[in-house]
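Some notes on the structure that comes next.
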Amino acid sequence: MTIAENLARIRAEIDAAAVAVGRDPADVRILPVSKYHSADQIREAAAAGYPLFGENRVQEMQAKHAELADEGIGFAVIGNVQSNKAKPVAELAAEVQSLDSLKLAENLSRRCEALGRRLPVLIQVNTSGEPQKSGIAPEEVVEFATTLQGLDGLEPKGLMTMALLSDDEAQVAACFQRLVDAQSRIRDAVGGGYDELSMGMSGDFRLAVAHGSTCVRIGTAIFGPRSAG
Ligand SMILES: *Cc1c(COP(=O)(O)O)cnc(C)c1O
């Protein structure tokens, strides 16, 4: 299967999963996750109509940005950002889906203000409760979102989560539902917005779409297995 064929197949599966629960398939976007994959593979996916790619390491994003930005290809940061990497992220990222600390939010906002831009951000929420996973705890997300209101360099768009990695669909679905609940509590507190729900990966995107995902982040099912990571 080529990258374009994989993308077409996944798109059709998303559309079917959306229609099955009465959702508009146009409300779900695919973010191809290109970490550990080559610039040529990215070009292939871009040629199939996907100009934005997810990367979880800032250094890799910088290298690929240098190689591909002239071709109209952009990057969304989906992994942990160390404070000393706020500068390249503010300068280069099209969006950040892994906002998980106030310190990072303040650093990014200050730098983006200086650059005269507002950076689209999603708050990463730890819906599985696993200690090794990043993200704001669901109980703390309303306070976090309220604080973001005062940061003019950021444009909060929604929430992102990584569900439990499990064959138990009910437990995975419970993670997605926690993100939906967090969205509704935030909307009550800040008066709406937060439309984006980034949830679902290669193994669980159909379930995520059934539970309201608007952005699925897919690596393996598009590009094949990664050599590392
Ligand atoms: C790697 C990664 C993905 C994609 O995972 P696949 O299982 O390969 O589809 C999605 N989200 C995040 C945050 C990732 O780091």
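This chain uses plain numbering: 1 for the first residue, then up along the sequence. Side-chain atoms are counted along with the backbone in the values below, which use heavy atoms only and exclude waters and symmetry mates. Atoms within each ligand, like the ligands themselves, are counted from 1 in listed order.
With respect to the salt-bridge test (charged N to carboxylate O, under 4.0 angstrom), the residues E113 and R110 do not qualify. With respect to D27 and R23, no salt bridge is recorded, no charged nitrogen being found less than 4.0 Å from a carboxylate O. Between D188 and R185 no salt bridge is recorded (no basic side-chain N to carboxylate O distance below 4.0 Å).
Listed by number with element, the atoms of ligand 1 under 4.0 angstrom from any heavy atom of R217 are 4 (C), 9 (O), 10 (C), 11 (N), 12 (C), 13 (C). Numbered from 1 in the order shown, with element, the atoms of ligand 1 that lie under 4.0 Å from a heavy atom of T220 read 6 (P), 7 (O), 8 (O), 9 (O). Per-residue contacts place I218 under 4.0 angstrom from the following atoms of ligand 1 (heavy atoms of the residue considered): 9 (O).
The shortest N or O to N or O distance between G219 and ligand 1 is below 3.5 Å.
Of the residues K35, K64, R217, the one that meets the salt bridge (Lys or Arg N to Asp or Glu O under 4.0 Å) test with E55 is K64.
Remark: the backbone N or O of Y194 is paired with a side-chain donor or acceptor of Q183 at under 3.5 angstrom.
Using a 4.0 angstrom heavy-atom cutoff, Q97 does not count as in contact with ligand 1.
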